[in-house]
Enquirer: 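Just passing along the structure, written as structure tokens.
In what follows, residues are counted from 1 in the order of the sequence shown. The figures here come from the full heavy-atom set of this structure, side chains too, leaving out hydrogens, waters and symmetry mates.
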Amino acid sequence: MNLLPFNDPEPEASDAEAIRRSADQYANSGKLPELLTIRELAKVLKLSPRSIWRLVKNHQLPAPVRIGGSIRWRADAITRWIDDGCQKSGGDT
């Protein structure tokens, strides 16, 4: 049973490797992609995807954007949130 608000299927082995390469790429360059998947965001914040959803539900993290059937977080919103001391978002992002 999936308790998360959105269905985010587990990546296949090749997808997982691509996510790892992508995360390593921006970790090494110091740059984030403009839009982050839940797994990329979890890696950046060093949290589990489940913790990310908990923070979103409690309005403690900027809300994601929906692009078709995909869920992404804007890197500039996350960066601003971190720069502002990780304050509650109030649900408006």
Enquirer: Could you walk me through whether Ile71 and Val65 pass the side chain to side chain contact (heavy atoms under 4.5 Å, CB included) test, one step at a time?
Expert: CA-CA 6 Å; Ile71 304 297; Val65 294; over 6 Å; no
Enquirer: Testing the basics here: between Ala77 and Pro62, what is the closest heavy-atom pair and its distance to 0.1 Å?
Expert: O-CG, 3.8 Å
Enquirer: How long is the span from the CD atom in Gln87 to the CD atom in Gln60, to the nearest 0.5 Å?
Expert: 10.5 Å
Enquirer: If you compare all heavy atoms of Pro64 against all heavy atoms of Val56, which two are closest, and at what distance to 0.1 Å?
Expert: CD-CG1, 3.9 Å
Enquirer: So does Arg72 have more than 12 non-hydrogen atoms from other groups sitting under 6.0 Å from CZ?
Expert: yes
Enquirer: Can you name the closest pair of heavy atoms from Leu35 and Glu40 and give their distance?
Expert: O-OE1, 3.8 Å
Enquirer: Quick one: which of Leu45, Ile38, Thr37 gives a side chain to side chain contact (heavy atoms under 4.5 Å, CB included) with Leu41?
Expert: Leu45
Enquirer: Give, for atom CG of Leu61 and atom CG of Leu47, the distance between the pair rounded to the nearest 0.5 Å.
Expert: 8.5 Å
Enquirer: Quick check for you: to the nearest 0.5 Å, what is the distance between Thr79 atom OG1 and Arg74 atom CZ?
Expert: 10.5 Å
Enquirer: With rounding to the nearest 0.5 Å, note down the distance linking CG in Leu55 to CH2 in Trp81.
Expert: 6.0 Å
Enquirer: Under the rule for side chain to side chain contact (heavy atoms under 4.5 Å, CB included), what residues qualify as partners of Ser48, not counting sequence neighbours?
Expert: Arg50, Ser51
